[in-house]
Amino acid sequence: MSMKSAILIVDDQPSNLKLSATLLEDFGARMILAINGAEALNRLHEQEFALVLLDLHMPVLNGFEVLQRMADMEAERRPPVILVTAVHDDLESISRGYALGAVDYLVRPFHAEFLRSKVRVFLELDRRNRLIRKQAAELEAHGRALERARIQAEAAIRAKNQFLDNMGHEIRTPMNAIIGMTDLVLMSNLEPTQRKLLEIVLRSSESLLSLLNDILDFSRLEADRLDLDQTLCSVHQVVEHAVTTMAVEAELKGLTLNWVVEPQVPEWVVGDPVRLRQILVQVLNNAVKFTRHGGVELRVNMVGEERLAFQVQDSGIGIPEDRLEMIFEGFSQVDGSTTRCFGGTGLGLALCRKLVTCMQGELRVMSRVGEGSTFTFEIPCIRSKAGDGSASSLSSAVGVEKVEPDRERSMIRILLVEDDQDNRLLGQHVLTSAGYAVTTAGDGEEALPHLCEGFDLVFIDVQMPRLNGIEATRRIRAGKEKADPDMPIIGVSGHVQEQLRAHCLEAGMDAFLTKPYRSQDLLDLVARAGEFRARREEQRRVVSLGSGRNGGRS
């Protein structure tokens, strides 16, 4: 867009045209001359003008008619018009010109400076309007560029998250076999050196799994795709499990590791025990890692009646004051040099803060170099009366049922559907070692012919070629296969998205087992097979009764 303004001068007298152009030539505007109204209209349709000096009295098309034709132009292309009138024109003619759209008038003969002062105002207005339009166009273009960048960024984030999910699945599947097989070997008779070496393998595998979990969780939190469970949670159990997880590491470093749950803390609350334990383990791990002498203490208290307060205090190396907030930034560490003494990715505390924020709390730290650090956070405390700490309450809370004592394990038949051969061998070995009768299949299509054999439980991998676990489950529940529609079905997957878990349960699975799992996880689910069947049979009975009651209605 050219920033040089143009003025259209319309007059049927050439001498008037030349005089006006001469008086305005030092303004730097382009002067376009028209000898009659028709030529003026053609010029107006060809380009934009800052101002039109329009003679009122012309043959063929006079100034009034030109103004009437200009009314059909788009508003943003219609320039301001100053009428040039004769001295004998009456007030009615001038009023008519204003009514048709003129903004001002000049009476000939006029003083040169009078003309210049009026034109100067409109040229300045045009300059500003052009600048505004240019800036608006640039802003619009910038907005379009930003929108394209946003779309591309969201696509990149989706691609990254999909890649991380797929990567997580592909890593978890072989890690399930590594950790599971190592566990099995450790249960056998080993020489002390062999046991020590295998324990190193197991510990390293679990460290790798922890790193993978942190990366996936951080990614889901960044994408707002991580949901918190709201279930029955024992504060004492969560704290004890977190401390027990770090006990060996603290003992190896010669540190004390204490925990205190104050009496006013309720035994049972509603929350996400898995994520709360994850936060505590990570904060405790951080404290133990950066403490060389002394110890670490975890204390749980109440703030008022509605908030739980957690505090982890250590006697470690401390954190410089100017780097206190940096430790909560993803992929950041206080010491990022190649000579640093402590490992880690810098994700742990960033992930903890995001999780605490999701729980409507805030993770804070106070520290002095050489004197240790104290991490604190508070979260809402939703009390529950579901348990009183007794053994029966504990059993119902965690949902574990014992295997029926009057039924031999060898009579319990299990179908294990898994496309990964190593994981299929692992599951088969764990279950057969526990005394169960196991049949295996490599995918859903291979499993279909076995479904009529009366299994007590099916473990089925969710992601398989040909026929995946979700579709196979839907077919069983819909009665499309020769199988008991109420048979307990448990999905197994290396994917950990909450959305996938929800899809599995919606398809009719009774539970969801995430890889890598421990042998006991598998056996605990077998122990609950009776519970799963009873629950599904009751659901079917309720649906049947409801259909019967409604059957006679018109």
Side-chain angles (χ1 to χ4, degrees), residues 206-207 209-214 216-218 220-221 226 228-253 255-291 294-303 307-316 319 327-328 342 344-367 372-382 384 394 397-398:
E206 289 174 338
S207 296
L209 177 62
S210 177
L211 172 61
L212 174 65
N213 288 336
D214 282 352
L216 295 177
D217 283 343
F218 192 83
R220 283 195 294 272
L221 280 166
L226 188 131
L228 297 177
D229 288 335
Q230 293 296 311
T231 187
L232 196 60
C233 170
S234 168
V235 178
H236 290 77
Q237 286 183 8
V238 170
V239 170
E240 184 175 5
H241 185 281
V243 173
T244 302
T245 301
M246 294 307 305
V248 174
E249 187 69 23
E251 185 177 355
L252 289 173
K253 296 185 69 173
L255 304 175
T256 60
L257 180 56
N258 301 319
W259 59 282
V260 177
V261 179
E262 299 293 349
Q264 59 267 37
V265 175
E267 172 64 24
W268 297 97
V269 298
V270 176
D272 191 325
V274 174
R275 296 302 179 186
L276 179 56
R277 184 165 55 245
Q278 181 180 358
I279 294 167
L280 293 176
V281 168
Q282 182 59 57
V283 176
L284 286 170
N285 176 65
N286 187 78
V288 170
K289 182 196 298 185
F290 292 100
T291 301
V296 177
E297 181 181 84
L298 166 60
R299 184 174 293 273
V300 188
N301 209 337
M302 292 293 298
V303 175
R307 293 187 76 79
L308 271 173
F310 296 84
Q311 175 182 288
V312 175
Q313 187 172 9
D314 65 62
S315 57
I319 307 166
I327 64 174
F328 296 115
F342 305 97
T345 61
L347 272 179
L349 291 177
L351 177 60
C352 286
R353 172 166 276 190
K354 287 179 177 289
L355 286 172
V356 171
T357 301
C358 287
M359 294 179 177
Q360 301 177 32
E362 181 183 0
L363 180 60
R364 300 182 297 272
V365 61
M366 294 186 299
S367 183
S373 305
T374 301
F375 288 83
T376 59
F377 66 92
E378 300 171 11
I379 58 174
C381 176
I382 305 174
S384 174
L394 176 60
V398 297

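The side-chain heavy atoms of V356 and F310, taken from C-beta on, include no pair separated by under 4.5 Å. Contact check for L351 versus Q282: no side-chain heavy atoms found under the 4.5 Å cut-off. Proximity of L284 to L257: side-chain heavy atoms (C-beta onward) are separated by under 4.5 Å at one or more points. Using a 4.5 Å heavy-atom cutoff, the side chains of P266 and V235 are not in contact. For the pair C233 and W268, the minimum side-chain heavy-atom distance is 4.5 Å or more.
Atom CG of N286 sits about 6.5 Å away from atom CD1 of I327, to the nearest 0.5 Å. For the atom pair NZ (K354) and CG (L363), the distance works out to 12.5 Å, reported to the nearest 0.5 Å. The CG atom of L349 sits 9.5 Å away from atom CZ of R353, with the distance rounded to the nearest 0.5 Å. Summarising the geometry, atom CZ belonging to F375 is positioned 9.0 Å from atom SG belonging to C352; distances are rounded to the nearest 0.5 Å. Put simply, CG on L298 and CG on L280 are 6.0 Å apart, with the number rounded to the nearest 0.5 Å. Rounded to the nearest 0.5 Å, atoms CZ (R277) and CG (D272) are 9.0 Å apart.
When the options E378, Q311, R307, E262 are evaluated for a side chain to side chain contact (heavy atoms under 4.5 Å, CB included) with N301, the one that passes is E262. The only member of V283, V288, V296, T374 that meets side chain to side chain contact (heavy atoms under 4.5 Å, CB included) when paired with D314 is V296.
Taking both residues in full, the closest heavy atoms of Q230 and V270 are given as OE1-CG1, 3.7 Å, listed atom of the first, atom of the second, then distance. Closest approach of M359 and L276 over heavy atoms only: CE-N, 3.7 Å. In plain terms, the two heavy atoms of V269 and C381 that are nearest each other are CG1-SG, 3.8 Å.
The number of heavy-atom neighbours closer than 6.0 Å to CD of E362, taken from other residues, nucleotides and ligands shown, is above 12.
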